[in-house]
Amino acid sequence: MPRPTVVVFFGGTPSNHDLSMESGSWVCRYLPRARYRVAPIRVTPEGYWQVPLGMLPQQGSVDQVLERLWQAVPAVTPAAGVERLLARQPRAFLTLLRGHGGDDGAMQNLGATLGVP
């Protein structure tokens, strides 16, 4: 049976971006990657999404991988980000966004619309 995909959203608004990035990195580091496919998605302070095409490796340093991903993956509109997201067939969302897109329920509504808890 394939490992379920867990999408981790982090980053977001400028006032909370750094704390959310730290929290998102921590979650990506400690989710059991042997059990779940972890798909990180960074929301830039401007509201664009960085959606890597692959998943985090099952083992190794997450911090180095994330740093390289954010340098290499272009930021796209949220609509284009959702398209990339749907290609992964997510089973769960973890939202570590604060402010717009997080506390306002937008990501929870996106999950509800897509049938993803």
Side-chain angles (χ1 to χ4, degrees):
M1 181 174 195
R3 295 175 293 142
T5 300
V6 175
V7 177
V8 181
F9 289 95
F10 51 104
T13 59
S15 61
N16 297 299
H17 190 267
D18 291 342
L19 179 60
S20 178
M21 289 296 293
E22 187 176 323
S23 299
S25 295
W26 187 91
V27 168
C28 288
R29 198 178 307 129
Y30 293 106
L31 265 174
R33 290 176 279 144
R35 186 170 174 197
Y36 301 103
R37 296 173 60 203
V38 179
I41 296 181
R42 176 181 179 249
V43 178
T44 69
E46 300 78 31
Y48 291 95
W49 290 18
Q50 287 182 282
V51 184
L53 295 175
M55 307 293 169
L56 292 179
Q58 284 189 31
Q59 298 177 344
S61 171
V62 168
D63 295 329
Q64 288 179 342
V65 171
L66 289 175
E67 188 176 315
R68 289 183 182 143
L69 282 174
W70 308 144
Q71 291 173 4
V73 174
V76 297
T77 64
V82 169
E83 269 187 61
R84 284 182 154 189
L85 167 69
L86 292 176
R88 293 187 169 85
Q89 300 177 338
R91 295 284 302 275
F93 286 170
L94 289 176
T95 304
L96 300 160
L97 298 171
R98 300 292 310 207
H100 179 71
D103 295 330
D104 64 2
M107 300 311 292
Q108 289 83 357
N109 287 336
L110 174 62
T113 299
L114 299 174
V116 178

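One-based numbering along the sequence shown.
Under the salt bridge (charged side-chain N to carboxylate O under 4.0 Å, His left out) criterion, no residue pair touches residues 31-40, with sequence neighbours excluded. Each side-chain hydrogen bond (donor to acceptor under 3.5 Å, both in side chains) pair with one or both residues in residues 45-65, not counting sequence neighbours, appears once here: R29-D63, R42-Q50, T44-E46. Applying the salt bridge (charged side-chain N to carboxylate O under 4.0 Å, His left out) test to every pair with at least one member in residues 92-101, sequence neighbours left out, gives these pairs: R98-D103. Contacts classified as side-chain hydrogen bond (donor to acceptor under 3.5 Å, both in side chains) and involving residues 104-117 (residues at least two apart or in different chains) are given here: H100-D104.
Here CG of L53 is found 10.0 Å from CG of L69. Values are rounded to the nearest 0.5 Å.
A single hydrophobic cluster is not seen to contain both V62 and M55; linkage of ILVMFWY side chains at heavy-atom distances under 4.5 Å, directly or through other members, places them apart. L97 and L31 sit in two unconnected hydrophobic clusters of ILVMFWY residues. Membership requires side-chain heavy atoms under 4.5 Å apart, directly or through other members. L85 and V8 fall into different hydrophobic clusters, defined by Ile, Leu, Val, Met, Phe, Trp and Tyr side-chain heavy atoms under 4.5 Å apart, directly or through other members. Residues L86 and M107 share a hydrophobic cluster, clusters being chains of Ile/Leu/Val/Met/Phe/Trp/Tyr side chains in contact below 4.5 Å. The hydrophobic cluster containing V38 also contains L94, counting ILVMFWY residues as joined when their side-chain heavy atoms lie under 4.5 angstrom apart, directly or transitively.
Y36 is linked by a ring pair (Phe, Tyr, Trp, His ring centres under 6.0 Å) to nothing, counting only residues two or more places apart in sequence or in another chain. When the side-chain contact (heavy atoms from CB on, under 4.5 Å) test is applied to V116, the partners found at least two apart in sequence or on another chain are P90, F93, L114.
Summarising the geometry of H17 relative to G12, their closest heavy-atom pair is CD2-O, 3.2 Å, with the distance given to 0.1 Å. Here the closest heavy-atom approach between residue G24 and residue L96 is recorded as CA-CD1, 3.4 Å. For the residue pair P45 and P14, the shortest heavy atom distance occurs at O-CD, 3.7 Å. Between C28 and L66 the shortest heavy-atom distance is CB-CD1, 4.3 Å. Among all heavy-atom pairs drawn from P40 and F10, the shortest one is CB-CE2, 3.9 Å.
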Report all side-chain donor-acceptor pairs from residues 71-84 shorter than 3.5 Å, counting only partners two or more places apart or in another chain.
residue: T77; atom: OG1; partner: A80; partner atom: N; Å: 3.2
residue: R84; atom: NH1; partner: V51; partner atom: O; Å: 2.8

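Dense packing is recorded around CZ of R3, with more than 12 heavy atoms of other residues, nucleotides or ligands lying under 6.0 Å away. Residue W26 qualifies as open at atom CH2: its count of foreign heavy atoms under 6.0 Å is 12 or below.
Side-chain N or O atoms of T95 include none that pairs as donor or acceptor with a backbone N or O of F9 at under 3.5 Å.
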